[in-house]
Amino acid sequence: MSDSRARLLASSAAVLAAALVLSSCGSKSSDGDVESASAGAASCVDTSGDTIKLGFLNSTSGAMAISEQTVRDSLLLAAEEINADGGILGKQIEPVEEDGASDPAVFAEKIGKLLTSDCVAAVFGGWTSASRKAMLPVVEGANGLLYYPVQYEGLEASKNIYYTGATTNQQIIPAMDFLASKGVKTLFLAGSDYVFPRTANKIIKQYAEELGIEIVGEEYVPLDSDDWSTQVAKIVAAKPDFVFNTINGSSNVGFIKAYYEQGLGPDSSPIISVSIAEEEAPAMGKDVTGQFAAWNYFQSVDSPDNAAFIKAFQAKYGADRPTSDPMEAAYTSLYLYKNTVEKAKSFDVEDVNDASDGVSFDAPEGTVTINGENHHIAKTGLIGQINSDNQFDVVWSSEEPIEPDPFLESYDWWDSSAE
């Protein structure tokens, strides 16, 4: 058994007890051991008709709505396209939508409802790692499927989740390699106060030491807070070569406001972000031209598949609507699910998992392929610089898809036990 497969199974086992509580799908055996989630979670998915229910779970209210509404839109586009092309195994997709309300507890409640009351075959959505962590034990307890479309901090794998956004070695590490290539010697870390930024920054700090980059400050603000004035004053005092931004949602607006009002800019201490994309850039309230972002897709990617995606998205939602990485990863996730189900010739979770390895899709970002052991996908790393049109000029590319390594097993400098 490979290390990644062992970790995947360990991850499932570690959250099983919580899953049974949250989803009420499991039981204890006579000797007190917890039985497998699938044993107590008989599927209620109805495949007898000419439709198949799929859950779309995104925040259309709260602090994360600025970002998650775009994911919802791209999922609806993919569903419309797939239905027009005959559906999945001849069945039309029937979306069942829920609002996660930017609250992890609501995400946990709603995914439980979707899987056990609405009886959807799979759920697509989530954004923050807090929302994903809240959903994980529920989807495992119900033995369902979640397709999660956003870059995250890695260090996780589940047989019930497919991660179609980047893991750490496909976004954070390429961003650090880019900074090193630019001669960066000092770095300030600014993040929202929850699991993704804190874990990502733990990884950044270890890799920074390996690269000879000094971390000159590390500050966090709650996800729903817009006041960054005190923390940005510390950035001004530290005078870093770059700021690594792991802030999520509308809190970015407050950070950018304080950053520019206190005299910082791309010519002094430029920012590299992992959550500001084409949709968010024009909403920052300031001209962010010259700043950087690390993603795996930009609207500026030059390919026939991307041109078709942009044309379809803007035809549905308006010519002024940009496309972005999480939107593209969500769009791609629905097609990967379709291709996997049709390879398996089944909507059954175990059949889908058995068929998943090697399933690919010619996505707008380029061809992506599922790794059946860790349920992540191979993705090309990109660094973009924001131009005056709030688009990103690609200034660095990995050229080829990077194989997912969510547990950083191939990096000697990584120590998961370090503080």
On a heavy-atom basis, the closest approach of S333 and L75 is OG-CD2, 4.1 Å
Given side chains that start at C-beta, do those of I172 and Y207 come closer than 4.5 Å, heavy atoms only? no
When you measure from the side chain of N83 to the backbone N and O of I93, does any donor-acceptor pair fall under 3.5 Å? yes
Please answer whether the main-chain N or O of E219 pairs with a side-chain N or O of Q231 as donor and acceptor at a distance below 3.5 Å. no
Could you go through Q151 and W295, starting from their C-alpha distance and side-chain angles, then the distance that decides it, and tell me whether this counts as side-chain contact (heavy atoms from CB on, under 4.5 Å)? CA-CA 8 Å; Q151 47 78 22; W295 289 105; 3.6 Å; yes
Please tell me whether D287 and T289 have a donor and an acceptor in their side chains that are separated by less than 3.5 angstrom. yes
In terms of the angle between their ring planes, are H375 and Y162 parallel, tilted or perpendicular, with boundaries placed at 30° and 60°? parallel
Using a distance-only test with no angle check, is there a side-chain donor-acceptor pair under 3.5 angstrom linking S303 and D305? no
Taking every non-hydrogen atom, the tightest pair across W413 and I173: CZ2-CD1, 3.8 Å
So, T332 and E328: side-chain donor and acceptor under 3.5 Å apart, yes or no? yes
Just by distance, with hydrogens left out, do S59 and E68 show a side-chain donor and acceptor under 3.5 Å apart? yes
Determine the minimum heavy-atom distance between A142 and L115, stating which atoms define it. CB-CD1, 4.1 Å
With ring-ring contact (aromatic ring centres under 6.0 Å, His included) as the criterion, how do F242 and F292 come out once you've worked through the C-alpha distance, each side chain's angles and the decisive distance to 0.1 Å? CA-CA 10 Å; F242 251 84; F292 297 84; 5.6 Å; yes
Could you walk me through whether Y337 and F124 pass the ring-ring contact (aromatic ring centres under 6.0 Å, His included) check? CA-CA 10 Å; Y337 176 71; F124 299 77; 5.6 Å; yes
For the side chain of N58 and the backbone of Q69, is there at least one donor-acceptor N/O pair under 3.5 Å apart? no
Are P95 and L54 side-chain neighbours, meaning at least one heavy-atom pair lies under 4.5 Å? no
Are the side chains of L145 and V139 in contact, using a 4.5 Å heavy-atom criterion? no
Taking the side chain as everything from C-beta on, heavy atoms only, tell me whether E365 gets closer than 4.5 Å to N306. no
Give me each pair satisfying disulfide bond (SG atoms under 2.5 Å apart) with a member in residues 97-184, each pair once, sequence neighbours excluded. C44-C119
Do N248 and S275 have a side chain donor and acceptor closer than 3.5 Å? yes
Compare all side-chain heavy atoms of W228 with those of S251 and state whether any distance is below 4.5 angstrom. yes
Could you tell me whether the side chain of Y148 and the main chain of W127 form a donor-acceptor pair under 3.5 Å? yes
Can you tell me how far apart CD (Q291) and CD1 (I271) are? Round to the nearest 0.5 Å. 4.0 Å
Indicate yes or no for a side-chain donor-acceptor contact from K53 to the backbone of A122 under 3.5 Å, with no hydrogens or angles considered. no
With a 6.0 Å cut-off (strictly less than), is the heavy-atom count around NZ of K343, excluding the residue itself, greater than 12? yes
Can H376 and Y152 be counted as having a side-chain donor-acceptor contact under 3.5 angstrom? yes
No-hydrogen, no-angle side-chain donor-acceptor test under 3.5 Å, S229 and D227: yes
Report yes if some heavy atom in the side chain of P322 is under 4.5 Å from a heavy atom in the side chain of N390; otherwise report no. no
Can you tell whether the side chains of E373 and K159 come within less than 4.0 Å, N to carboxylate O? no
Which atoms form the tightest heavy-atom contact between V195 and S129, and what is the distance? CG1-CB, 3.2 Å
Between D362 and Y335, is there a side-chain donor-acceptor contact under 3.5 Å, judged purely by atom types and distance? no
Flag the pair E109 and K113 as a salt bridge only when some basic side-chain nitrogen lies within less than 4.0 angstrom of an acidic carboxylate oxygen. no
S158-Y163 side chain donor-acceptor pair, cut-off 3.5 Å: no
Y411-E210 side chain donor-acceptor pair, cut-off 3.5 Å: no
Spell out, as yes or no, whether a donor-acceptor pair under 3.5 Å connects the side chain of D224 to the backbone of A63. no
Going by the salt bridge (charged side-chain N to carboxylate O under 4.0 Å, His left out) test, which pairs reach into residues 381-393, not counting sequence neighbours? none
Have D99 and S61 got a donor and an acceptor in their side chains that come within less than 3.5 Å? yes
Please tell me whether Y194 and Y220 form a close aromatic pair, meaning their ring centres lie under 6.0 Å apart. no
Would you compute the distance between atom CD1 of I276 and atom CD1 of I386 and round it to the nearest 0.5 angstrom? 6.5 Å
Nearest atoms (heavy-atom pairs only) where K133 meets E153: CE-OE2, 4.0 Å
Assert yes or no for the condition that the ring centre distance of Y331 to F309 is strictly below 6.0 Å. yes
Hey, does the side chain of E279 reach the backbone of I66 with a donor-acceptor pair shorter than 3.5 angstrom? no
Atom CZ in F196, atom CG in L223: separation rounded to 0.5 Å? 11.5 Å
Any donor-acceptor pair under 3.5 Å linking the side chain of N201 with the backbone of I204? no
Is a side-chain donor-acceptor pair under 3.5 Å present for S67 with E280? yes
Assess the side chains of W396 and S181: does a donor N or O sit below 3.5 Å from an acceptor N or O? no
Taking all non-hydrogen atoms of both residues into account, name the closest pair between A418 and Q206 and its distance. CB-NE2, 3.6 Å
Please collect all ring pair (Phe, Tyr, Trp, His ring centres under 6.0 Å) contacts where either partner lies in residues 258-278, sequence neighbours excluded, each pair once. none
D348 and S346: side-chain hydrogen bond (donor to acceptor under 3.5 Å, both in side chains), yes or no, with the steps? CA-CA 5 Å; D348 178 79; S346 170; 5.0 Å; no
Pair Y297-T323, side-chain contact (heavy atoms from CB on, under 4.5 Å): steps then yes or no: CA-CA 9 Å; Y297 166 87; T323 56; 2.8 Å; yes
Below 4.5 Å, heavy atoms only, C-beta onward: do L264 and I235 meet side chain to side chain? yes
Would you mind reporting whether N371 and I377 have side-chain heavy atoms less than 4.5 Å apart? no
Under 6.0 Å from the ring centre and within 45 degrees of the ring axis: does the NZ or CZ of R321 meet both conditions for the six-membered ring of F313? no
Taken to the nearest 0.5 Å, the spacing of E278 CD from D325 CG works out to 8.5 Å
Salt bridge check, E218 against K205: does any charged N sit closer than 4.0 Å to a carboxylate O? yes
Checking the side chain of D118 only, and the main-chain atoms of V96 only, is there a donor and an acceptor separated by less than 3.5 Å? no
In terms of side-chain heavy atoms, does N160 have a donor or acceptor partner in N353 at a distance below 3.5 Å? no
Pair T380, N296 - check side-chain hydrogen bond (donor to acceptor under 3.5 Å, both in side chains), show working. CA-CA 6 Å; T380 300; N296 305 93; over 6 Å; no
Answer yes or no: is there a donor N or O on one side and an acceptor on the other, between the side chain of T186 and the main chain of V216, under 3.5 Å? no
